[in-house]
Chemist: 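Quick one: the structure is below, questions incoming.
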Amino acid sequence: MYTFKKETDLKAYDDFIETHGGQYIQCSRWEKVKTTWKCAYYSGFENGERVLAVLVMERDLPAAGKIWYAPAGPVCNLENTLLLSEFTGFIKGEVAKNKVTAFIMDPPVSLRVNGERTEEGHAMHKTLLSLGYTLNPSIENYTYKQPVQLFIPLKDENKNALDAKAILKKCDKGVRYSIRIGEQRGLVAKTYTSKDVDADPSIIEDFMGVMHDTSERDNFVERNGEYCAKLLREFDGYSDLKLVYYDKELDKKLQDERLKKKQEALSQLDGAHEKKARQLQEIIDSVDKQTEHFEKRIKEAEEFTKENRICVAGGLSFYYAGMGSCLFGGTRNVIRNNTRSSHYLNYLRLCESINRGCKVHDLGYVIVKTPVLDEDGTLGPLVPQDNFKGIYDFKKSFSADYYEFIGEYVLVGNKMKYYAYSKLMPTAKKLKISVIKKLR
């Protein structure tokens, strides 16, 4: 027999979330970020021992009444059907008591991994349907995020930690090459904390320049700088901001060193035996090729006449409960193809997840097309939208596994108001996004 109650000891609640594989969006710190939602915390107990914790966020929506959303659902043993059943009965009572239109959650159970069906996902789908939940098939109307995620495992089959070089060997050849050349082309990186950002607003300004270019290119709706700074502040100790700069002076210094190497090779070429001559010629040809790229970089960056260092990539990351998450990130248009700054940045973020002892590194999601339902009622294959195929290919190139989750599930409290929410809100959301893009 399980008992459930509203939680008042948020430290004990957060400790449970973090030690039982929860996500940062399920802990009490999230309330301080999502200030447009009211938050309540529920815990479940068996014989006085905490076995479940769930964050419930409430929002009033025009024509839809109160919507309750539990990010990623409850933190508990999701295979314990009795616990899920009793929790569902409890939350149904809370929904009725508070006159809530719908209770929505998206439990992190995979439906497919790299296209292969998982039995856990289909079993969970059947369990939730039997408990009175309905699957929301409308991707456009999802409350928080797409039902996909790309993960890089950081442990081997024996749960031993992998090092960065071992993971890098599994990446595509292009990724390995891009990371190797990053420092050779004038890229330098710096990691910032919330204290750094509060002390120097130009750090967030640089990051938002990156995000603006990324948003324009990939059809994202970027958050404002204060929101990003707030995330760092509220998750202090669990987060960082990495920026990659193109340093023109460093690049020129490296180029001078390459040209010296070429001159030395030229001076030894005359009279060298055949094998040595081939080796020297390879050096000369390599420098000539690198010089061509160097001249293109300098030309592309010449509009930044007053700036020696140009911020070309940036990423905001979280490290929570054994998962490193790439929350926001991207590259600026300037010299992005010449320096491969996106690969360089993401490798550094991966290394940080390893250093912090994470089990997996989450590269984030891609926006997918609305799927056709499978015969068993689950979401069909989740295919990236056309303008996100490039992002999908980029993330897969890091040897990431593609997880498709079972989706968003709903307990309907008021059918008429839920219809208004599910049918009218996607249109309102599209209109809001188009207005934001025009105002940017």
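Computed from a predicted structure; not experimentally measured. Starting from 1, each residue takes its place in the sequence as its number.
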Chemist: Salt bridge (Lys or Arg N to Asp or Glu O under 4.0 Å) for Asp247 and Lys253? Distances and angles first, verdict last.
Modeler: CA-CA 10 Å; Asp247 189 319; Lys253 180 181 177 181; over 6 Å; no
Chemist: How are the rings of Phe90 and Phe87 set relative to one another: parallel (under 30°), tilted (30 to 60°) or perpendicular (over 60°)?
Modeler: tilted
Chemist: With no hydrogens and no angle check, is any side-chain donor or acceptor of Ser215 less than 3.5 Å from a backbone partner on Met211?
Modeler: no
Chemist: Using only atom types and a distance under 3.5 Å, with no angle test, would you say the side chain of Asn136 pairs donor to acceptor with the backbone of Glu408?
Modeler: no
Chemist: Quick one: do Lys260 and Asp256 make a salt bridge, cutoff under 4.0 Å?
Modeler: no
Chemist: With distance as the sole test, does Asp374 use its side chain to make a donor-acceptor pair with the main-chain N or O of Gly377 at under 3.5 Å?
Modeler: no
Chemist: To check you understand the geometry: which heavy-atom pair defines the closest contact between Pro153 and Leu162, and what is its length?
Modeler: O-CD1, 3.9 Å
Chemist: Can any side-chain N or O of Arg112 pair as donor or acceptor with the backbone N or O of Gly380 at less than 3.5 Å?
Modeler: yes
Chemist: Between Glu226 and Arg233, is the closest basic N to carboxylate O distance under 4.0 Å?
Modeler: yes
Chemist: What is the distance from atom NZ of Lys6 to atom OH of Tyr42, rounded to the nearest 0.5 Å?
Modeler: 4.5 Å
Chemist: Does Lys248 use its side chain to pair, donor to acceptor, with the backbone of Phe304 at less than 3.5 Å?
Modeler: yes
Chemist: So does Lys32 get a backbone contact from the side chain of Glu234, meaning a donor-acceptor N/O pair under 3.5 Å?
Modeler: no
Chemist: Is Ser286 reaching over with its side chain to a backbone N or O of Glu282, donor-acceptor style, under 3.5 angstrom?
Modeler: no
Chemist: Taking NZ, NE, NH1 and NH2 as the nitrogens, is one of them in Arg356 or Glu352 under 4.0 Å from a carboxylate oxygen of the other?
Modeler: yes
Chemist: Any idea which heavy atoms bring Tyr347 and Ala164 closest together, and the distance?
Modeler: OH-CB, 3.2 Å
Chemist: Is the closest basic N to carboxylate O distance between Arg117 and Glu119 below 4.0 Å?
Modeler: yes
Chemist: Taking the basic N atoms (NZ, or NE/NH1/NH2) and the acidic carboxylate oxygens, is any pair closer than 4.0 Å for Lys369 and Asp386?
Modeler: yes
Chemist: Any heavy-atom pair between the side chains of Arg332 and Ile310 that's under 4.5 Å?
Modeler: yes
Chemist: I need the minimum non-hydrogen distance between Val197 and Ala229, along with the two atoms involved.
Modeler: CG1-CB, 4.1 Å
Chemist: Can the ring centroids of Tyr24 and Tyr238 be said to lie less than 6.0 angstrom from one another?
Modeler: no
Chemist: Charged N to carboxylate O below 4.0 Å: is that the case for Asp288 and Lys262?
Modeler: yes
Chemist: Kindly compute the distance separating OH (Tyr69) from CZ (Phe103), expressed to the nearest 0.5 Å.
Modeler: 10.0 Å
Chemist: State whether the side chain of Asp106 and the backbone N or O of Ala72 hold a donor-acceptor pair below 3.5 Å, judged by distance alone.
Modeler: yes
Chemist: Give me the atom names and distance for the closest heavy-atom approach of Met323 to Cys358.
Modeler: C-SG, 3.8 Å
Chemist: Any side-chain donor paired with an acceptor under 3.5 Å for Thr331 and Arg217?
Modeler: yes
Chemist: So which atom in Leu316 and which in Cys228 form the shortest heavy-atom distance, rounded to 0.1 Å?
Modeler: CD2-O, 4.2 Å
Chemist: Determine, step by step, whether Tyr246 and Asn338 satisfy the side chain to side chain donor-acceptor pair (under 3.5 Å) criterion, reporting the C-alpha distance in whole Å, the side-chain angles of both residues, the deciding distance to 0.1 Å, and the verdict.
Modeler: CA-CA 11 Å; Tyr246 170 61; Asn338 200 307; over 6 Å; no
Chemist: Might you work through the side chain to side chain contact (heavy atoms under 4.5 Å, CB included) test for Ile17 and Tyr41, ending with a clear yes or no?
Modeler: CA-CA 11 Å; Ile17 295 287; Tyr41 306 88; over 6 Å; no
Chemist: Do Phe294 and Lys252 make a side-chain contact, defined as non-hydrogen atoms from C-beta onward lying under 4.5 Å apart?
Modeler: yes
Chemist: Mark yes or no for whether Glu18, through its side chain, and Tyr320, through its backbone, hold a donor-acceptor pair below 3.5 Å.
Modeler: no
Chemist: Any sub-3.5 Å donor-acceptor pair from Thr118's side-chain atoms to Leu111's backbone N or O?
Modeler: yes
Chemist: In Å, rounded to the nearest 0.5 Å, how long is the span from CZ of Arg176 to NE2 of His343?
Modeler: 11.5 Å
Chemist: Can you see which heavy atom on Asp196 is nearest to which on Thr191, and at what distance?
Modeler: OD2-O, 4.2 Å
